[in-house]
Amino acid sequence: MPGAPPEDLVVATPERVAFRFETGGLGSRFVAQIVDLLVLSVGMVALGVAGFFLGLLTGRSDVTVLVIAVVGFVLFWAYWILPEALWSGQTLGKRLLHLRVIDARGGPVTPGQAVVRNLLRIVDFLPTSYAIGAVAIFASARNQRLGDLAAGTVVVRERTAVRLQDLVAPSPSPPEGEGTVRMSGIRAPAPRMEPGLRRFVQAYAQRRHGLAPERRAELAREAEAALRTALPDVVAAAGPLAALDQLADRLLG
């Protein structure tokens, strides 16, 4: 999208709502990597200690070493791949730093993408300390290492994922028939929403089930001023997230 800074990923939805994702830079990703390596190291040390005592108990140190080597190999790769594939693109380190791996087109990362981007860590690590990966991140417009480029993924920051500038747009009168929605077969009056808020609610309604609860609450807080105009009683009684969910339910109804 023209005018977007190079470190941002901007995804346009069919409703013409722009979702802006701020990509994770080298610093935050490095800290997340350190956290993950510390957690993984603790697991490896625990595995080694268990193997030591297992060898003493069985008296078969050669077999124990082989088993520990195999289990350690599986543990190493499983730590990187499984959390990203099953935990919406996050490892423990990324979760702590509010980072997430997503598809470069804005969707959730797939298990296949998680496998590809993590297997290429071997290449990114060369010749040492992720040197190639760091160069690729600096050279890429979206801060992608080689694993991301191969898998078609981007690491983004969660707290600035959606652009809400359109919510302050002036509010013309809605078209005829837009003031009501059908709920359970009954035509019920719907709150009048400015076009910017309507587009945002439509995009949110289609994607809310894939968003973490804390992310949904954050989006509602960012749009609180517009939501308070549309549903002041609901915002006052139950908060902005309740108002946002109510508007989404009505639009989908």
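Heavy-atom basis, side chains included; hydrogens, waters and symmetry copies ignored. All values reported here derive from a predicted model rather than from experimental measurement. Count residues from 1 along the sequence.
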Peer 1: Measuring only between side-chain heavy atoms, which start at C-beta, is Val109 closer than 4.5 Å to Ile102?
Peer 2: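 No. Closest side-chain heavy atoms not under 4.5 Å.
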Peer 1: Going only through I, L, V, M, F, W and Y residues with side-chain contacts under 4.5 Å, is there a path from Val65 to Phe53?
Peer 2: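 Looking at the clustering, Phe53 is in a separate group from Val65.
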Peer 1: Using atom types as modelled and distance alone, determine if a side-chain donor or acceptor of Thr58 lies under 3.5 Å from a backbone N or O of Leu54.
Peer 2: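 Yes, because the side chain of Thr58 sits within donor-acceptor range (under 3.5 Å) of the backbone of Leu54.
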Peer 1: Looking at side-chain heavy atoms only, is the closest gap between Gln90 and Val101 below 4.5 Å?
Peer 2: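 They are not in side-chain contact.
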Peer 1: Should Leu37 and Phe73 be regarded as members of a common hydrophobic cluster, given that ILVMFWY residues are connected when their side-chain heavy atoms come within less than 4.5 Å of each other, either directly or indirectly?
Peer 2: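 Linked, Leu37 and Phe73 end up in one cluster.
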Peer 1: I need the Arg215 CZ to His98 NE2 distance, nearest 0.5 Å.
Peer 2: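 Result: 11.5 Å between the selected atoms.
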Peer 1: In terms of hydrophobic clustering (I, L, V, M, F, W, Y; side-chain heavy atoms under 4.5 Å; direct or indirect links), are Leu82 and Val39 co-clustered?
Peer 2: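 As far as the 4.5 Å side-chain criterion goes, Val39 and Leu82 are not connected within one cluster.
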Peer 1: Closer than 4.0 angstrom, basic N to acidic O: yes or no for Arg117 and Glu84?
Peer 2: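 So Arg117 pairs with Glu84 through a salt bridge.
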Peer 1: Which of these passes side-chain contact (heavy atoms from CB on, under 4.5 Å) with Val235: Leu227, Thr229, Leu241, Leu244?
Peer 2: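 Of the listed options, the one satisfying the test is Leu227.
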Peer 1: How many angstroms lie between CZ in Arg142 and CG in Leu149, if you round to the nearest 0.5 Å?
Peer 2: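 Interatomic distance, Arg142 CZ to Leu149 CG, rounded to 0.5 Å: 10.0 Å.
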Peer 1: List the atom of Pro111, the atom of Ala85, and the distance in Å for their closest heavy-atom pair.
Peer 2: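 That would be CA-CB, 3.9 Å.
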Peer 1: Kindly give the heavy-atom pair with the smallest separation between Leu231 and Ala243, and that separation in Å.
Peer 2: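 What the structure gives for the nearest pair is CD1-O, 3.7 Å.
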Peer 1: Hydrophobic clusters here meaning ILVMFWY residues chained together by side-chain heavy-atom distances under 4.5 Å, can you tell me if Val31 and Val155 are in one?
Peer 2: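 Yes; tracing contacts between hydrophobic side chains, which count when under 4.5 Å, links both residues.
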Peer 1: Which heavy atom of Leu120 sits nearest to which heavy atom of Leu146, and what is that distance?
Peer 2: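 Looks like CD1-O, 4.1 Å.
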Peer 1: List in chain and number order the residues that pass side-chain contact (heavy atoms from CB on, under 4.5 Å) with Pro213, two or more places apart in sequence or in another chain; answer none if no residue qualifies.
Peer 2: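 Expected list: none.
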Peer 1: Which residues pass the side chain to side chain donor-acceptor pair (under 3.5 Å) test with Arg216, not counting sequence neighbours?
Peer 2: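 By the side chain to side chain donor-acceptor pair (under 3.5 Å) rule, Arg216 matches Tyr204, Asp245.
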Peer 1: Please report the shortest heavy-atom distance between Arg145 and Ile137, naming the atom on each side.
Peer 2: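 Between these two residues, the closest heavy atoms are N-CG1, 3.9 Å.
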Peer 1: Begin from the C-alpha positions of Gln202 and Arg198 and carry the test side chain to side chain donor-acceptor pair (under 3.5 Å) through to its verdict.
Peer 2: CA-CA 6 Å; Gln202 286 174 335; Arg198 177 173 293 274; over 6 Å; no
Peer 1: Would you check, one step at a time, whether the test side chain to side chain contact (heavy atoms under 4.5 Å, CB included) holds for Phe138 with Asn143?
Peer 2: CA-CA 6 Å; Phe138 276 119; Asn143 292 331; over 6 Å; no
Peer 1: Enumerate the salt bridge (charged side-chain N to carboxylate O under 4.0 Å, His left out) contacts for residues 67-79, please, sequence neighbours excluded, ordered by first and then second residue.
Peer 2: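 The answer is none; no pair qualifies.
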Peer 1: Would Trp87 and Leu92 count as a side chain to side chain contact (heavy atoms under 4.5 Å, CB included) here? Give the steps.
Peer 2: CA-CA 10 Å; Trp87 202 6; Leu92 292 175; 3.6 Å; yes
Peer 1: So, does Glu22 use its side chain to make a donor-acceptor pair with the main chain of Val156 at under 3.5 Å?
Peer 2: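 Side chain of Glu22 to backbone of Val156: no pair is present.
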Peer 1: If you group Ile, Leu, Val, Met, Phe, Trp and Tyr by side-chain heavy-atom gaps below 4.5 Å, do Leu56 and Val49 land in one group?
Peer 2: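 Yes, Leu56 connects to Val49 through the hydrophobic network.
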Peer 1: Please report the shortest heavy-atom distance between Gly152 and Gln113, naming the atom on each side.
Peer 2: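 Minimum heavy-atom separation between Gly152 and Gln113: O-NE2, 3.4 Å.
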Peer 1: Does anything in residues 36-52 form a side-chain hydrogen bond (donor to acceptor under 3.5 Å, both in side chains)? List the pairs, not counting sequence neighbours.
Peer 2: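 Qualifying pairs: Asp36-Tyr79, Asp36-Thr91.
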Peer 1: Can you list everything that forms a side chain to side chain donor-acceptor pair (under 3.5 Å) with Glu224? Sequence neighbours excluded, please.
Peer 2: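 Partners of Glu224 under the side chain to side chain donor-acceptor pair (under 3.5 Å) test: Arg228.
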Peer 1: With sequence neighbours excluded, tell me which residues meet side-chain contact (heavy atoms from CB on, under 4.5 Å) with Phe76.
Peer 2: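 Result, side-chain contact (heavy atoms from CB on, under 4.5 Å) vs Phe76: Leu40, Met44, Trp80.
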Peer 1: Please lay out, stage by stage, how Arg121 and Gln33 fare under the test side chain to side chain contact (heavy atoms under 4.5 Å, CB included).
Peer 2: CA-CA 12 Å; Arg121 285 183 183 276; Gln33 182 90 342; 3.3 Å; yes
Peer 1: When rounded to the nearest 0.5 angstrom, what is the spacing between CD1 in Ile81 and CG in Asn118?
Peer 2: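 It is 5.5 Å, given to the nearest 0.5 Å.
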Peer 1: Do Leu47 and Val71 have side chains that get closer than 4.5 Å, going by heavy atoms?
Peer 2: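 Sidechains of Val71 and Leu47: in contact.
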Peer 1: Ala248 and Ala205: which non-hydrogen atoms are nearest, and at how many Å?
Peer 2: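 Residues Ala248 and Ala205, closest heavy atoms: CB-CB, 3.7 Å.
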Peer 1: Going by heavy atoms in the side chains, are Arg100 and Ser88 under 4.5 Å from each other?
Peer 2: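 They are in contact (side-chain heavy atoms under 4.5 Å apart), so the answer is yes.
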Peer 1: Given side chains that start at C-beta, do those of Leu99 and Ser28 come closer than 4.5 Å, heavy atoms only?
Peer 2: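 In short, these two side chains touch, coming nearer than 4.5 Å.
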Peer 1: Name the one of Val115, Val123, Ile122 that satisfies side-chain contact (heavy atoms from CB on, under 4.5 Å) with Leu119?
Peer 2: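 Answer to the side-chain contact (heavy atoms from CB on, under 4.5 Å) test with Leu119 among Val115, Val123, Ile122: Val115.
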